[in-house]
Structure formats: structure tokens, C-alpha cells
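The next block holds one structure in the form of C-alpha cells; read it before the comments.
Within every chain, numbering begins at 1; the chains are lettered A, B, ... in the order of the sequence lines, protein sequences first and strands thereafter. It should be emphasised that the depicted structure is a prediction, and the values quoted were computed from it without experimental measurement.
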Number of protein chains: 2
Amino acid sequence: MGKDTRERIVFAAMRLFAEKGYGSTSVADILQAAGVNSGSLYYFFPGKQDVLLAVLEAYRSGIEPMLLRPAWGDVADPVERVFALLASYRNRLLATECQYGCPIGSIALELHEPDPVVRELLRVNFEGWVGAVEGCLAEAGARLPVGLDRRALAIFCLTTMEGGVMLSRTERSIAGFDSAVAMLRDYVGRLQAAVNPGHSRERGGTC
Amino acid sequence: MGKDTRERIVFAAMRLFAEKGYGSTSVADILQAAGVNSGSLYYFFPGKQDVLLAVLEAYRSGIEPMLLRPAWGDVADPVERVFALLASYRNRLLATECQYGCPIGSIALELHEPDPVVRELLRVNFEGWVGAVEGCLAEAGARLPVGLDRRALAIFCLTTMEGGVMLSRTERSIAGFDSAVAMLRDYVGRLQAAVNPGHSRERGGTC
DNA sequence: GTCTATAACCCGATAGAC
DNA sequence: GTCTATCGGGTTATAGAC
């Protein structure tokens, strides 16, 4: 059951890295969680960092089926899909008492001088996220100002999510995340109103 | 020179924690950087975590003199002060080839289950930052919509900075940070324009 | 207050039988 | 492919002289 063992290792590491971080997760932790022995792990992976690479690759290939599809299952509107994606992070925070947010962001800030290959995989994960949101914003077409830099707005959505997760995790309260997302929604509402002034804007008591 | 020794330890630890992170900085690293011996450190501090507490306390008490005053030295306008503060983080990124951003944010995401006293000091640091920005936004008075939740907008500024730093550090490029801040500036410009439609808005080619 | 030496432990990784 | 046993090294923290 070689393939199965390798998958159990990656799955266990994915969970542990998200819960405790990369540095605070020992190889022994992974072995115990996966129910395998040292020899098996080092048969499949040259070292601990290569387990991290496999985990980051799993996240990358899981963006569509594991993240976007569940978040967008019942949401067709492209703009609402952006906020449905943010809501999925909110749910994750709520489900863990604001302890776990975005594993990619945590690893990105935990590793200060990451191996270039690790950093590249982090970048690719962010790019996949931003690209998906940018696609939604492109799909929104003329509902947003034609000259709007949709990639920059997609990046803005990412920073809102990551910053909100950071704050909520620190405060163990969803309030910071909600405040940031509310401001983003107000901004997007104003962008839409700039194109279609007749449309009633989403309000959060900001006027 | 007791006080001097303690200060050297805290100063060295502040620098190392920012550069390598808390977990990746060993007590031996701190001893070497501070030019002291093990016995001295453990004379002043019960353990490594207590050094972190002193570092976080130093950051907290340094917000005004070390962060805000330099960033705001030649900026009087309250709204521009917000962006001057963000620009100081941009400068920090540029000065370190996008390697170091916000040390508080890095520590906040690095420690997954921090001791409550550590988490509280992280929270207090964020609160000091948000409070200062909220003060600027309050000072802006009627230039912003009267019903605007200025605390929420201040939190939004923090998430923009922290998220932008995360992205720029990962990509070793200032582009992500700049994109996020440009969107924030566009948003603030639209908020101001909503109050004073005659005023020309800051443009970033978004219309 | 500061020094040196070291205890006690955990880490990632390896060896070699099976 | 998987197992057990273990190596070599780095970790935080302590002991005890000065």
C-alpha cells in the first residue's frame, strides 16, 4: 500500500501544519498522526521539507475542488462568489473558535527565509486564489467600472481575508474579520454604484 | 550595568525575532547578538518566552515614538497620515528586499497556540495601531461620511497592510503591497467624494 | 551580576534487518 | 516497503564558582 501510506503522511502533515505550524510539528508528530514509522516516511520523502512541498502541492491542486467548488456550490453571481469565498474562511474560523484561518498565509509568515522552491509553491497558491477571484471580477463585466484594475481588486480581497484572519486569530474573535469584509463589501458596492447609480447599494450603516 | 545588559538582550531579540522569527531564534542566537552569556539572560528573564514578552512590550511602547512620529513627522493631514503610515511599511519592505514586514503580524501567525499573556500583548499592539489610525479618521471629521464606522475602516487599513506585507514577502516584490494600498486609497477617495462630490478624487486609473 | 560547564531533552535523519 | 534502534547535534535551562 505504498500510495496509501504516502497519502496518509501528506494528509496528516496537512492537518498538523495547519493546526500547529510547520516548525512546531515534528516528524514524530506526523508519524504518529499518520500511523506510520520513520522508515516509511523517509522512504517516500528525502526530508521534512519535502513533506511540506507535497502539502503545498496538495493545497494548490485542491483550490478548485476543495475550496472553490464547496464555497460556490449554490452561488451563481460572480460578485457574490467572491464574498461566498470569504464566508468560507469565516466559517472555518468559527468552526475552530478562531484558531485556524488560512494555512497558506500562516506558513508564508512563519517561514522567514524559505527555500526558494517552498516560496514558489506559496506564491503559486496565492496566485491560484487571486486568479480565481480575478476571474469572478472579470465575469462581473460592466457591473464594475470598465477601467477597474480587477487583478488589483482581487489582490485586495486576498489581503482583506488574510489580514482579517490574522486579527481574528489573535483576538479569538470573529469581529475583526467581519469588520474588514464589511468594508470590502462597502467598497465593492460603491464601485457597482459608480457604474449603475440607480441600483441601491449594499449598506452597512456606513452613510 | 544590569539595566544595560537587559536592554541589549531585548534589543537583540527584537531584531532577531523580526529577522528569523521567534521559533527559529535560539537563546544562543540572542546571547551572541547581545554579547552576553547564558547566566545573564536567565538572571533577568525566567525563560525565552519572557524575552518575547519584553520585546512585545517594547513594540507596544514604541508605537508612538518609533513608528508614528517618524512616519508622521512632515504630514499634517489626518487622512494622509494613514497612508504615510502605510508608506513606512512599504519603505521597510524595500529596505529589506521585501523580507521583513510587520514583526507583530509575523509573530501573530507564527505562534498557533500562544500563551494567553503573549496573545494579549499581540492584541494590544494591534489595538494601538488600529486606535492610532482610528484617531486619524476621526480627525478627518466631515471629510468622511458621518455614519462611517471609522474603527472598521481603521481595521481595514490594518488588514490591507498586513495582507500586503504577507504577499510582498512571499513574492519578494512590492507589487502586491502596492496593489492593495492603491485599492484602499481608491476606496478612501470614493468615501471622501461621497461627502464632497465636487472634489476631484484620487485616481489610480480605476475608472 | 556575570562567567563556564553541562544537564536533560528533543530534533531530523540514518542504518540495517526483514 | 516497513520495521526498530539509534546516531549526532541543537535546544532550553540550570548549577555553581566568582
Side-chain angles (χ1 to χ4, degrees), chain A residues 1-57 106-107 110-119 121, chain B residues 1-57 106-107 110-119 121:
Chain A
M1 322 285 178
K3 208 63 185 291
D4 178 57
T5 298
R6 201 193 123 101
E7 279 170 16
R8 284 219 312 283
I9 292 169
V10 173
F11 186 78
M14 195 172 341
R15 188 171 57 79
L16 286 166
F17 292 166
E19 286 179 10
K20 322 200 318 170
Y22 174 71
S24 298
T25 297
S26 69
V27 173
D29 290 335
I30 300 172
L31 298 177
Q32 185 177 20
V36 303
N37 293 99
S38 171
S40 295
L41 187 145
Y42 285 100
Y43 171 80
F44 289 105
F45 301 95
K48 183 186 175 186
Q49 176 176 293
D50 302 273
V51 177
L52 173 60
L53 293 178
V55 166
L56 291 176
E57 178 56 40
S106 296
I107 293 170
E110 176 185 354
L111 305 177
H112 285 241
E113 286 176 13
D115 189 291
V117 65
V118 171
R119 199 159 60 74
L121 265 177
Chain B
M1 320 284 182
K3 206 66 182 290
D4 178 57
T5 297
R6 201 194 123 101
E7 279 170 14
R8 284 218 313 284
I9 292 170
V10 174
F11 186 78
M14 196 171 341
R15 187 170 58 79
L16 287 166
F17 292 167
E19 286 179 11
K20 323 201 317 172
Y22 174 72
S24 298
T25 298
S26 69
V27 173
D29 291 334
I30 300 172
L31 298 177
Q32 184 177 22
V36 304
N37 294 100
S38 172
S40 295
L41 187 146
Y42 285 100
Y43 171 80
F44 289 105
F45 301 96
K48 184 186 174 186
Q49 176 176 291
D50 301 273
V51 178
L52 173 61
L53 293 178
V55 165
L56 291 176
E57 178 56 40
S106 296
I107 294 170
E110 177 185 354
L111 305 177
H112 285 242
E113 286 177 13
D115 189 292
V117 64
V118 172
R119 199 159 60 75
L121 265 177

Protein N or O to nucleotides 14-18 of chain D N or O, pairs below 3.5 Å:
| residue | atom | partner | partner atom | Å |
| --- | --- | --- | --- | --- |
| D:dT14 | O4 | B:Ser38 | OG | 2.8 |

request  = Please report the shortest heavy-atom distance between A:Val10 and A:Val55, naming the atom on each side.
outcome  = O-CG2, 3.8 Å
remark   = Of all heavy-atom pairs linking A:Leu53 and A:Leu121, the shortest is O-CD1, 3.5 Å
ask   = What is the distance from CG of B:Leu31 to C1' of C:dG1, rounded to the nearest Å?
value = 15 Å
request  = Whole angstrom is fine here: how far is it from CG in B:Asp115 over to P in D:dT12?
outcome  = 17 Å
Whether B:Arg8 side chain and B:Ala34 backbone form a donor-acceptor pair below 3.5 Å = yes
query = Any idea which of D:dT2, D:dC3, C:dT2 is nearest the A:Asn37 side chain?
reply = D:dC3
key: Minimum-distance nucleotide to A:Lys48 side chain [options: C:dA13, D:dT11, C:dC11]   = C:dA13
Pairs involving residues 21-33 of chain A, ordered by first then second residue, that meet side chain to side chain donor-acceptor pair (under 3.5 Å) (sequence neighbours left out) = A:Lys20-A:Asp29, A:Ser26-A:Asp29
inquiry  = Using every non-hydrogen atom in the two residues, find where A:Phe44 and A:Ile9 come nearest and quote the distance to one decimal.
reply    = CD1-CD1, 4.5 Å
request  = Indicate, with a heavy-atom threshold strictly under 4.0 Å, whether A:Ser24 touches base, sugar-phosphate, or nothing.
outcome  = nothing
request  = Measure from CZ on B:Phe44 to P on D:dA13 and round the result to the nearest Å.
outcome  = 17 Å
key: OP1 or OP2 of C:dC11 under 4.0 Å from side-chain N/O of A:Ser26   = yes
inquiry  = Output the rounded distance in Å from CD1 (A:Ile9) to C1' (D:dT2).
reply    = 11 Å
query = OP1, OP2 of D:dG1 versus side-chain N and O of A:Tyr43: anything below 4.0 Å?
reply = yes
inquiry  = Just N and O in the side chain of A:Thr5: are any of them under 4.0 Å from OP1 or OP2 of D:dT2?
reply    = yes
request  = Please state how far atom CZ in B:Arg8 lies from atom C1' in C:dG1, giving the value in whole angstrom units.
outcome  = 12 Å
message = Tell me if the CD atom of B:Glu57 is crowded by more than 12 foreign heavy atoms within 6.0 Å.
response = yes
ask   = Roughly how many Å is it from CD in A:Gln32 to C1' in C:dC10, rounded to a whole number?
value = 15 Å
key: Between P of D:dT11 and CD1 of B:Ile30, the distance in whole Å   = 11 Å
key: Nucleotide D:dT4, atom P - distance to CG of A:Leu41 in whole Å   = 15 Å
note = The complete set of side chain to side chain donor-acceptor pair (under 3.5 Å) pairs with one or both residues in residues 37-49 of chain A, sequence neighbours excluded, reads A:Gln49-A:Asp115
